[in-house]
Asks: 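Mind looking over this structure? Questions follow.
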Amino acid sequence: PRTIFSGIQPTGIPHLGNYLGALRQWVKLQDEATPDTTLLYSLVDLHAITVRQDPNQLRQWKKESLAMLLAIGLDPNRSIIFHQSDVPAHAELMWILSCQASTGYLGRMTQWKDKTASAKENSEKLKLGLLSYPVLQAADVLVHRATHVPVGHDQAQHLEFAREVASGFNHVYGQDVLIQPETLISPAKRVMSLTDPAAKMSKSHPNARSRILLTDSTETIQSKIKAAVTDSIEGITYDPSSRPGVSNLIDIIYHTNDTSDYASQDELARDLASLSMRSLKTRTADAIDRVLEPIRARYSSLIGDESTLIDLAHTGAVRASDSASGTVARVRKAMGLS
Ligand code: TYM
């Protein structure tokens with residue numbers, strides 16, 4: 001039997017990178033799952049507070065993110081969908097794993113290094129939660145005994161860390177107390193920013209035109225793609241290192257085309273070779289709109305239904321607590337805490 005777990009920070013409407021890199025895989029795994037597969041998808045609000053959040057904004061984002069997980073096609077009868085902070089076992093296991101995790105390893109992780117590079121001389125401002133962020137992520141996965149974790153490329157290192165923590169823990173307290181999860185990286189593993197194609201598309205980038213939100217209208221998609229940074233080389237070719245902007249658009253067309261008529265991006269690019277930049281952008285915007293249109297429609301009907309969202313969050317929390325309780329009991333017993 002497989003257990004699938006993944007999470008997303010409720011820090012705004014998810015973008016196209018989140019969708020192609022992770023969320024779409026979540027739905028696919030759900031739809032293809034055999035009856036003995038358990039699926040858990042979490043809105044990781046405790047991860048969201050590693051940077052300061054306005055309480056009302058966070059509440060709103062949690063609600064919007066929940067509505068979006070339903071809008072993309074997650075079925076609450078099949079998948080356990082829940083807010084991380086509703087299940088205290090995540091935080092409990094995190095503390096226990098903190099006593100196992102190496103600060104040296106944590107300090108070498110990409111996300112920590114990126115976020116601290118700019119604050120080098122000011123460690124007073126660097127919060128402990130940012131350093132221990134991967135420990136909480138490890139607890140998320142391990143507390144549910146996940147066997148498979150579908151994510152985008154940027155999370156691979158965090159999951160490597162989770163396996164390391166699990167194996168260290170098991171070495172001390174007994175094999176099989178924790179399960180080492182496998183990372184499932186989706187084919188669209190790194191969707192790039194529209195304004196700076198050398199960087200990944202991200203929720204926190206100050207320029208809102210760098211990303212397509214899953215709620216963006218047809219017109220907004222068209223205007224953002226029209227303004228996307230490309231280059232002035234004649235013709236269309238696929239070469240992510242020398243033509244990152246153009247290649248990102250080709251990637252987007254390639255990955256939004258679910259039935260994939262092409263064996264590779266190169267093959268698709270050969271078909272697009274004679275297009276003008278303008279036509280390539282029209283093709284890209286159309287491809288995105290085709291995928292987002294039904295999501296947008298479902299989202300707008302779900303977001304107004306407050307009582308259903310509250311009920312679903314409650315049911316998800318109960319089922320997720322149930323899923324986590326066995327591991328916590330096992331860990332406590334193995335360590336002499338009970
Ligand atoms: P988050 O909220 O940043 O992103 C959610 C998912 O979207 C993927 N993703 C992308 N994929 C491709 N291209 C992009 N530009 C892009 N941007 C984001 C991410 O890889 C991720 O899969 N720490 C995690 C949340 C988390 C988690 C977990 C994930 C907490 N606990 C346990 C898996 C298992 C995060 O901040 O994801």
Side-chain angles (χ1 to χ4, degrees), residues 3-27 29 39-51 53 61-62 64-65 68-69 72 82-85 87 90-91 93-94 97 109-112 114-115 129-130 132-163 165-166 179-205 210-214 240 244 248 251-252 255-256 320 324:
T3 300
I4 316 276
F5 180 95
S6 199
I8 182 167
Q9 294 195 48
T11 46
I13 299 283
H15 53 68
L16 188 66
N18 297 130
Y19 183 67
L20 296 179
L23 304 181
R24 190 177 55 171
Q25 292 305 103
W26 300 7
V27 178
L29 288 162
L39 303 115
L40 300 116
Y41 296 119
S42 186
L43 296 161
V44 293
D45 49 0
L46 296 176
H47 278 110
I49 59 168
T50 49
V51 294
Q53 304 289 356
W61 276 341
K62 288 180 54 165
E64 291 173 358
S65 305
M68 190 50 87
L69 292 193
I72 60 165
F82 68 103
H83 297 292
Q84 183 188 35
S85 68
V87 182
H90 288 242
L93 185 61
M94 183 212 170
L97 298 178
M109 297 189 73
T110 313
Q111 183 174 297
W112 169 256
D114 286 353
K115 295 212 168 151
L130 193 60
S132 56
Y133 181 111
V135 187
L136 180 57
Q137 183 157 347
D140 294 340
V141 170
L142 300 175
V143 84
H144 295 288
R145 319 190 75 66
T147 55
H148 297 83
V149 185
V151 288
H153 175 260
D154 61 340
Q155 298 302 316
Q157 193 181 40
H158 288 155
L159 296 171
E160 189 60 51
F161 173 80
R163 281 191 290 274
V165 170
I179 290 177
Q180 285 184 254
E182 205 179 293
T183 307
L184 299 177
I185 306 269
S186 66
K189 58 185 198 277
R190 203 155 184 259
V191 177
M192 308 310 277
S193 154
L194 300 176
T195 50
D196 173 13
K200 68 172 186 195
M201 188 177 283
S202 105
K203 259 192 228 133
S204 54
H205 194 282
S210 67
R211 57 188 166 264
I212 304 275
L213 301 185
L214 300 189
N248 190 38
D251 272 329
I252 290 173
H255 290 297
T256 47

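First listed ligand is number 1; within each ligand, the first listed atom is number 1.
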Asks: Side chain or backbone, does His158 bring an N or O within less than 3.5 Å of an N or O on ligand 1?
Replies: no
Asks: Indicate, as side chain, backbone, both or neither, the part of Val149 found under 4.0 angstrom from ligand 1 when only non-hydrogen atoms are considered.
Replies: side chain
Asks: With a heavy-atom distance limit of 4.0 Å, tell me whether His15 approaches ligand 1 through its side chain, its backbone, both, or neither.
Replies: side chain
Asks: Only one of Arg163, Gln157, His153, His148 forms a side chain to side chain contact (heavy atoms under 4.5 Å, CB included) with Thr183, so which one is it?
Replies: Arg163
Asks: Work out whether the distance between some heavy atom of Gln84 and some atom of ligand 1 is less than 4.0 Å.
Replies: no
Asks: Does Ile8, backbone or side chain, put an N or O under 3.5 Å from an N or O of ligand 1?
Replies: no
Asks: Output yes when the distance from some N or O of ligand 1 to some N or O of Gly7 is under 3.5 Å, and no in every other case.
Replies: no
Asks: Where's the contact between Ser42 and ligand 1, heavy-atom distance under 4.0 Å: side chain, backbone, both or neither?
Replies: neither
Asks: Any idea which part of Asn18 is under 4.0 Å from ligand 1, heavy-atom wise: side chain, backbone, both or neither?
Replies: both
Asks: Hey, is ligand 1 close enough to Pro150 that some N/O pair sits below 3.5 Å?
Replies: no
Asks: Under 4.0 Å from ligand 1, counting heavy atoms only, is it the side chain of Arg190, its backbone, both or neither?
Replies: backbone
Asks: Tell me, please: is Ser193 in heavy-atom contact with ligand 1, that is, under 4.0 Å?
Replies: no
Asks: Heavy atom to atom 20 (O) of ligand 1, shortest distance: which of Leu23, Asp154, Val151 holds it?
Replies: Asp154
Asks: For ligand 1, is any non-hydrogen atom under 4.0 Å from Thr11's backbone (N, CA, C, O), its side chain (CB onward), both, or neither?
Replies: neither
